4 protein chains.
Amino acid sequence: MGAPRPSDMPGPGQDVVQRLRAVRQQTRELAAGLSDADATVQSMPDASPAKWHLAHTTWFFEEMVLAAQGSPYRPFDPRYGYLFNSYYESLGARHARPERGLLTRPTLAEVNSYRDHVDAALQELLAHTDDAKLRGLVELGCHHEQQHQELLLTDILNLFAKNPLHPAYAGLRRTLPSVVPHYPSTFTRFEGGVVEIGHRGLQFAFDCETPRHQELLPAYWLANRCVTNREWLDFMADGGYSKPLLWLSDGWGEVQRQGWTMPLYWWEDSGAHFSMTLHGAQPLELDAPVTHVSYFEADAFCTWAGKRLPTESEWEAAAQREPCQGNFADSGMLRAVAAAGVGSGPQQLFGDVWEWTRSAFSAYPGFRASTGAVGEYNGKFMSGQMVLRGGSCVTPAGHIRASYRNFFRPDARWQFSGLRLAEDA
Amino acid sequence: MGAPRPSDMPGPGQDVVQRLRAVRQQTRELAAGLSDADATVQSMPDASPAKWHLAHTTWFFEEMVLAAQGSPYRPFDPRYGYLFNSYYESLGARHARPERGLLTRPTLAEVNSYRDHVDAALQELLAHTDDAKLRGLVELGCHHEQQHQELLLTDILNLFAKNPLHPAYAGLRRTLPSVVPHYPSTFTRFEGGVVEIGHRGLQFAFDCETPRHQELLPAYWLANRCVTNREWLDFMADGGYSKPLLWLSDGWGEVQRQGWTMPLYWWEDSGAHFSMTLHGAQPLELDAPVTHVSYFEADAFCTWAGKRLPTESEWEAAAQREPCQGNFADSGMLRAVAAAGVGSGPQQLFGDVWEWTRSAFSAYPGFRASTGAVGEYNGKFMSGQMVLRGGSCVTPAGHIRASYRNFFRPDARWQFSGLRLAEDA
Amino acid sequence: MGAPRPSDMPGPGQDVVQRLRAVRQQTRELAAGLSDADATVQSMPDASPAKWHLAHTTWFFEEMVLAAQGSPYRPFDPRYGYLFNSYYESLGARHARPERGLLTRPTLAEVNSYRDHVDAALQELLAHTDDAKLRGLVELGCHHEQQHQELLLTDILNLFAKNPLHPAYAGLRRTLPSVVPHYPSTFTRFEGGVVEIGHRGLQFAFDCETPRHQELLPAYWLANRCVTNREWLDFMADGGYSKPLLWLSDGWGEVQRQGWTMPLYWWEDSGAHFSMTLHGAQPLELDAPVTHVSYFEADAFCTWAGKRLPTESEWEAAAQREPCQGNFADSGMLRAVAAAGVGSGPQQLFGDVWEWTRSAFSAYPGFRASTGAVGEYNGKFMSGQMVLRGGSCVTPAGHIRASYRNFFRPDARWQFSGLRLAEDA
Amino acid sequence: MGAPRPSDMPGPGQDVVQRLRAVRQQTRELAAGLSDADATVQSMPDASPAKWHLAHTTWFFEEMVLAAQGSPYRPFDPRYGYLFNSYYESLGARHARPERGLLTRPTLAEVNSYRDHVDAALQELLAHTDDAKLRGLVELGCHHEQQHQELLLTDILNLFAKNPLHPAYAGLRRTLPSVVPHYPSTFTRFEGGVVEIGHRGLQFAFDCETPRHQELLPAYWLANRCVTNREWLDFMADGGYSKPLLWLSDGWGEVQRQGWTMPLYWWEDSGAHFSMTLHGAQPLELDAPVTHVSYFEADAFCTWAGKRLPTESEWEAAAQREPCQGNFADSGMLRAVAAAGVGSGPQQLFGDVWEWTRSAFSAYPGFRASTGAVGEYNGKFMSGQMVLRGGSCVTPAGHIRASYRNFFRPDARWQFSGLRLAEDA
């Protein structure tokens, strides 16, 4: 089944027309192995059908770029605006989110025709304009679509994980090494002081990454790799899920309400642990980073370990010194893997798993949301969410950067979310 | 799209082998026009996906007939028992009902292969046996499958009704007459006395229709046709949905909780009323029987009209004198139509719409549930359900009879349920 | 604490003025031992505070008798109509049922003043009128108040049962006999045939007990006493609460949802069973009738025992031959006790525990609800409820008769509800 | 009814024995005018009964001070630990929070005896020890009890507001001035830079106020008074509650789910606005600070006004220069009142209303929770809560300081919560 290939991925420096074509093609390939039914069903209100991701990203271009031009663009189907608006209050009424999975029509084939229609109109439009604002919106649409590429994968995994047959989205790309070396967790010291945080430069970034500003950080330690499945099993064996004093009050509430005893997608059979992956059911890789844990679990693990999560500023101050490389979706592995050997300084900051930070998602000093509909992109989610950093094994490579702020509710587990330990110096 | 054709329908007197083949083929045809996605999605916990109906009816034969033989039958897939058991506690664990729509795998094609596999094994088995008990179970399986044929249609309608695009399951088979005569509602008097109620004879019947027994009925009047959409509009215009004194206490609770103001699938646009049907959105046919009303609505209508619903015995005492003919699924119309002219005595007792009675579903005097798994068929539902009689426009013709007892909760509206007025003599 | 005394209870033949005075006094005494807080708190939406019962029964007289007279009656407080209407849609808006326990004001003392005010006005009115309709409404008000006397006791028990301190409403009136004889369950045969069911004569009865009518009953057996706690322990020991095939489908749903493993108010400690009673926590009396079981549990027990519940007509046909005597609230025991020795024929038909029947609460042939507000009394509850017969140890003696139909939902357990076995002849 | 009097309030410099006596006495007086029922009922799961506050604060001393001494202390009732533990997982099982209102026993009188018993034991213990740790725990217990004094008042208001009779907790202490001057909102500029935040010195503070640390703040403006009811009416008149673009996504969800159209406790009658207060129903005072608004409402108001909420550091940097004076509970007014005239710089920072900040409640750099049970006090609530600053008209005067961090969920409205505008410089 079609996992992303590196050569398809445009770098941030490419022309926007090329980039648009590459990103749109990439999404199509991600869905290539899905049946009409796979692409239609919604596994939970938080997740969306693949077909919806394919259509919504297309609607985004139609609404934000084509419809905004006053050009003679003819909508593919005037009813699609209602069906495929996600949450833009300024763009009219929309289909209820928990009912996205009821839309067996339009079919997957019709949605692909919709994509063709909009792609053609976009290429036509871009061939005849140099308008910077318009190109900026196309750039935004590409980044928006890359976000949905990742969600398409996390949502398909959630759907397949709820199927007792455990279907695989993709075959394993590489033979697993028979022995993965186990590296102990070591820490690097950072001196803190006045650091600059936030997006810098002319490349694309979301509004919430700005403005770049100074913060004053005390000195701190950061672990050189992510917490592993092996370490998580130690936490479980030590009663991690049954000791309320390790947990935030709301976290302990979730443990009891949802009956958590291990990360999402894990199960035990005859003493061995398995997990549901994009390759179907697999035995647990002990030295791979733990993933599909909530903020609450990450926080409890830290308390158990006598450490803490880093703040997002601590993470970014460390990461902005490093090249933005790692195990992204483009590797085709589509799973988190063990750190390749821990040298000097933090590894795995980018890729493998999103890293929970202890920072609530909020506005940087001086933040102003963009105006118009794109202003609904980030600012309105600034309550109840925690920041994650660094991208994961299902994030497109060209999409991530050191200043990138992802955010989810503290009980969310269906993303490829893990953690790295930190400590006061 | 494939609606049922009369010639396919086996009569009750046919040989069980022929009957089996015809019923199984019929189900396949009912699903022929559905896409993989249409057949997979579950629109609400009360409804099931078409694919599930296709597989569950097959599992019923596999489990009740093939597996019970001690024969060398090889199950198509040993995991299907878990997926496609509906509610038989005696037959092991099963997939949760509200999650039936998550099974994008097995695909529709795989389910059809499952049907082929089981059909072949059944034909092979029946070719070499005269065992009466086994043939009885096959007969039961055919009736069970016919029930699911009806549910497949009601559930697809529910799914398509939740799609803002209003897709049609089937084209309109007949041109609607430009003028439908409007017949006034008249009543026929029945003298009551000691009447015999329940199934008689050697033909198939469900256990809950037995034993045939005597009841003592006072004299009563029964309307000669069902209540029509035109009459229902009068009820609405007179404030039927806003006067609590017309309603049962629980019914008024539902009105307020669910915001009912008209039957399910109706809406108003610029003063005209429309409804979602198996032929997509259609203007309301004023003289057709009202359908998709709950027991609570039917009861409130009767109170408003100064009448009452009949008991199931009153209905059966009248119906057992009449031929079991009417507008069933086999007509291909797939919608309730106006009574063909009201002569002497009750019309439309069979077909068009299921008729709510005022009788709670309970055991007849001397009732004994069947033994074994088939004993879970009816008896365990004898609380909280009201009886409906007579079949509907989506009931297979060979499936219904005067003693047939259907039952649903008093708030259910997604079946083709309507009503007929009665009155004390 | 003030339990009812026999001498206070007016018989049905007494003059209505005397009867009114006695019933009103009786209610006051039932609440005499309760604190302001005891009388104010609502333990669940199904139950009401004692203070609310005291006020609502008073409001009933104020609204149905005093306000209806066009007399110069001055309401005690015009806001009380809103606070103390229970469910009469025809009598205006009302305070939400689940919020009855929020009314710390008016105080218990103020509610008692309200009672004094209305009592005085009633006595004044009745001293100067012979109007039969008015006396009929007062009679209805007395019976209505007796219903609430019973509810006051069942609701206080529910409240105290939720208090970890297990407070007692009343002291034990009699020493328990050291040895209670254990009588085996025997059965009496009834021949059935055409029997008359329903209220007869000039004494008061609720509208749902009428009209008296004929029914045709097959012959049946009826147990000579109620099912006991000892027998219930056998059911539990045999896995009664863990075998789904014993249960109605909805019943098994409740078992799982609510985690039922024994009757309400029971618990086990070191192998012995206890229950919460109006006398506080008490060891289980093995030969007393089981109580605080739902219809679902009663039905499951019958299935386990190879018997069934009687229909309400079977019960009434047997009970109308017997004197209406038994262990009612007036005995002061306020708990169900072992049958006094089983002679010939059914014992305990009246008093001790309400007996679940297998009959859904519905209209008798020819039933017409009363007109006006009192017509909302019974008819609007004719869905979703099962009939119980015979009264209990907290029912006032003068309130019950053979034709009396009580009704509750099949999952209700907080009434003194038990069962008697029946069988087809 | 007994509102707090200034002379009763111990200052932070008093001896702990005196302070203990004064605080305990103060709580008793706050509850003096409540009936047994008033003190028993729980109006919602977030609120607790007054009797519970009286008992829980007592249990805190019993458990944290008396039981921890190994002294010969005899518990008043060994069952009270289960009843009156709030959320301390380390101190054993406890009564479920939403069922606190079911405890009609122990009575209010018994709880007062419990208070006497513990007070006597505490005085006896403190008379014979100079142990600093123990005196620290008593100090903590006093601050804990002061928190519950405020909650007792906010919870009683919530209870009385749900009573259609609108009872008053206390009479109005002062005549309202006939004309309150209306001061325009002006702003003061703060230069920011490196500021010190957090508790300093030897006086008591909660662990979450520490450690004092440096932060780097950009320059900012802070309004000189709180937002008023008059300004809130402007927001409402301009459609504030019906424009989704003004709201955080979660906030708009609450507006729709709960139907918010004005602050909690407000209603409109014939064009005038009223609110429920501790003095019963009152006409709205236009120039008093708005109160009983959620974080979501406060944030939406700021967006509407083109401003923002301050961060907690911005607030504290301004407040630590000001004397800790204002309209606290000790004024006896028990309502927020108009600023007394806006001179130079921010007024009303302390008292009147808690001020929402845009800061999520989280750990300061270097924060360590206290060890033992008292460590469960703050740290475990560090998710999902927003910080409020400055105290309110129902906060005890000796309880508040510039570094004090209160926190509630962003949808909470039953506290005296308001807001002050801020802006980037």
Side-chain angles (χ1 to χ4, degrees), chain A residues 1 31 33-45 47 49-52 54-55 76-85 92-96 98-111 114 155-169 276 280-281, chain B residues 1 31 33-45 47 49-52 54-55 76-85 92-96 98-111 114 155-169 276 280-281:
Chain A
M1 209 172 284
L34 301 179
S35 72
D36 184 19
D38 291 337
T40 298
V41 170
Q42 180 174 32
S43 61
M44 61 172 177
K51 200 169 70 183
W52 190 90
L54 291 167
F76 181 75
D77 188 318
R79 303 170 302 180
Y80 282 17
Y82 179 81
L83 294 180
F84 300 124
N85 180 356
R94 60 194 180 283
H95 196 233
E99 300 192 357
R100 287 177 184 166
L102 299 178
L103 302 177
T104 62
R105 319 289 177 90
T107 64
L108 179 53
E110 287 165 332
V111 165
Y114 177 38
D155 294 355
I156 274 292
L157 175 56
N158 192 261
L159 174 64
F160 284 180
K162 288 182 174 171
N163 190 323
L165 306 186
H166 291 139
Y169 165 78
M276 178 63 187
Chain B
M1 210 172 283
L34 300 179
S35 71
D36 184 19
D38 291 337
T40 297
V41 170
Q42 182 175 30
S43 61
M44 62 173 175
K51 200 168 71 182
W52 189 90
L54 291 167
F76 181 76
D77 188 319
R79 303 169 300 180
Y80 282 16
Y82 178 82
L83 294 181
F84 300 124
N85 179 357
R94 60 195 180 283
H95 195 233
E99 301 192 356
R100 287 177 184 167
L102 299 179
L103 301 177
T104 62
R105 318 287 178 90
T107 64
L108 179 54
E110 286 167 332
V111 165
Y114 177 38
D155 293 355
I156 274 291
L157 175 55
N158 192 261
L159 174 64
F160 284 0
K162 289 182 173 169
N163 190 324
L165 305 185
H166 292 140
Y169 165 78
M276 177 64 187

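Every chain is numbered from 1, with letters handed out A, B, ... down the list of sequences. None of the values given here were measured: they were computed from a predicted structure.
- Only the side chain of L83(B) comes within less than 4.5 Å of a heavy atom of chain A; its backbone N, CA, C and O stay farther away.
- The candidate from L102(B), D77(B), L108(B) with the greatest count of non-hydrogen atom pairs under 4.5 Å with chain A is L102(B).
- Note that the OG1 atom of T40(B) and the CG atom of D38(A) stand 8.5 Å from one another [nearest 0.5 Å].
- Side-chain contact between H95(B) and P164(A) is present, with heavy atoms from C-beta onward closer than 4.5 Å.
- Between the N163(B) side chain and the R105(A) main chain, a donor and an acceptor come within less than 3.5 Å of each other.
- The CG atom of L103(B) lies 7.0 Å from the CG atom of L165(A); values are rounded to the nearest 0.5 Å.
- The nearest pair of heavy atoms linking T104(A) to A37(B) is CG2-O, 3.5 Å.
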